[in-house]
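Chain letters run A, B, ... following the sequence lines, proteins first, then strands; residues in each count from 1.
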Number of protein chains: 2
Amino acid sequence: MAKKPNPIEKCDAEVIHKEIVNQVKAKMPKEEILYDLAELFKVFGDTTRIKILWALAESEMCVCDIAALLNMTQSAISHQLRILKQAKLVKNRRDGKIVYYSLDDDHVEQIFGQGLAHIYEDR
Amino acid sequence: MAKKPNPIEKCDAEVIHKEIVNQVKAKMPKEEILYDLAELFKVFGDTTRIKILWALAESEMCVCDIAALLNMTQSAISHQLRILKQAKLVKNRRDGKIVYYSLDDDHVEQIFGQGLAHIYEDR
DNA sequence: TGAACAATTGAACAGTTGTTCATATATTCT
DNA sequence: AGAATATATGAACAACTGTTCAATTGTTCA
């Protein structure tokens, strides 16, 4: 997590592989893109949020419903929904006192599918 | 992070939506699957690891090369490679003193693709 | 064998994260 | 207006994470 500039250590192999390393470097996406990508996956990297997304893939639900479904407090769910909304993965609409949340992205289910494929591959 | 059983708060809407909630509950994958899925995405949720995977998608590389490429210490890279290997995302082979790492999964690039699609969608 | 190189490992530390608790906001109903 | 319901929010705390540093392992070469 600590983001500090680090000294590189000298390494003989580095000299030998210099050309390949430079080629790879040239093909790497911009720092900003890779950062955003990591931020997105960070959102997926929590069991509670995964469960929420999976539930919303099935049906629109209110905060209170999700809390009951996952057996967690409304507050905890609300905090996580805020993170999901910031990541533009869910959207919401208000109907009276109740706020309904739903998926706001077509890629979520495909990303989950690929993730599952990886998990199931190992056996 | 603290994983404790939490009390549910009472909620009138929950009663109204009970049927839907139960249906969604019935369709949810097993706890274990969702946990593994979150664990996998957690691995993707770090800039350093994303960069390593992206680099290895381009070419096999040794620890020292990756360290030079990302301007980080060999130790830091080695720690991250261990995590990637545990997640079965990379594999390695030793040639003398040098250990070469490469991708060990077909889904990585597709998952990244979907992730990028989501990021680029927002504008 | 010993020196040098490449990589790994464990402990420690700062920074981050998710839940809880208390409180605030928003809406409805009487 | 006040009471009740539904959600949101901020502070605080424990648990977790990524990097650094120091030490270790494994390999090659003189």
Between [atom2] on [N] and [atom1] on [X], what's the gap in Å once rounded to a whole number?
X: A/I98; N: D/dA8; atom1: CD1; atom2: C1'; value: 15 Å
X: A/Y35; N: C/dT16; atom1: OH; atom2: C1'; value: 11 Å
X: A/Q86; N: D/dA8; atom1: CD; atom2: C1'; value: 13 Å
X: B/I83; N: D/dT19; atom1: CD1; atom2: C1'; value: 11 Å
X: A/R49; N: C/dG18; atom1: CZ; atom2: C1'; value: 8 Å
X: A/M72; N: D/dA8; atom1: CE; atom2: P; value: 15 Å
X: B/D12; N: D/dA3; atom1: CG; atom2: P; value: 18 Å
X: B/R93; N: C/dA6; atom1: CZ; atom2: P; value: 16 Å

Report summary line: By side-chain hydrogen bond (donor to acceptor under 3.5 Å, both in side chains), A/K25 pairs with (sequence neighbours left out) none

Report summary line: Residues at least two apart in sequence or cross-chain that pass side chain to side chain contact (heavy atoms under 4.5 Å, CB included) with A/I16, listed by chain then number, are none

Report task. Report the residues that fulfil ring-ring contact (aromatic ring centres under 6.0 Å, His included) with A/F44, sequence neighbours left out, ordered by chain and then residue number. Result -> A/F112, B/F41

Query raised in the report: Who pairs with A/H107 by ring-ring contact (aromatic ring centres under 6.0 Å, His included), at least two apart in sequence or on another chain?
Result: none

**Report entry** Other ILVMFWY residues reachable from B/V15 by side-chain steps of under 4.5 Å
**Finding:** none

Can you tell me which nucleotide in [options] comes closest to the side chain of [X]?
X: B/Q74; options: C/dG18, C/dT17, C/dT8; result: C/dT8
X: A/Y101; options: D/dA6, C/dA7, D/dA8; result: D/dA8
X: B/S78; options: C/dT8, D/dA6, C/dG18; result: C/dT8
X: B/K42; options: D/dT17, C/dC5, D/dA8; result: D/dT17

**Report entry** A/H118 side chain to B/A87 backbone, donor-acceptor under 3.5 Å
**Finding:** yes

Query raised in the report: Given that A/Q80 and A/A13 both sit by DNA chain C, which one's nearest nucleotide is further toward the 5' end?
Result: A/A13

Query - Assigned partner base of D/dA30, Watson-Crick or wobble definition, under 3.5 Å - result: C/dT1

Report task. Using a strict 4.0 Å threshold on nitrogen-to-oxygen distance, state whether B/K51 and A/E31 make a salt bridge. Result -> yes

Report task. Just call it for B/Y100: base, sugar-phosphate, or nothing, with non-hydrogen atoms closer than 4.0 Å on any strand. Result -> nothing

Query - Residue-phosphate contact under 4.0 Å: A/R82 side-chain N/O, D/dT7 OP1/OP2 - result: no

**Report entry** Ring centroids of B/H79 and D/dT19 base under 5.5 Å with planes under 30°
**Finding:** no

Report task. Using a 4.0 Å cut-off on protein heavy atoms (strictly under), produce a 5'-to-3' string for nucleotides 22-30 of chain D with B for base contact, S for backbone-only sugar-phosphate contact, and - for none. Result -> B---BBS--

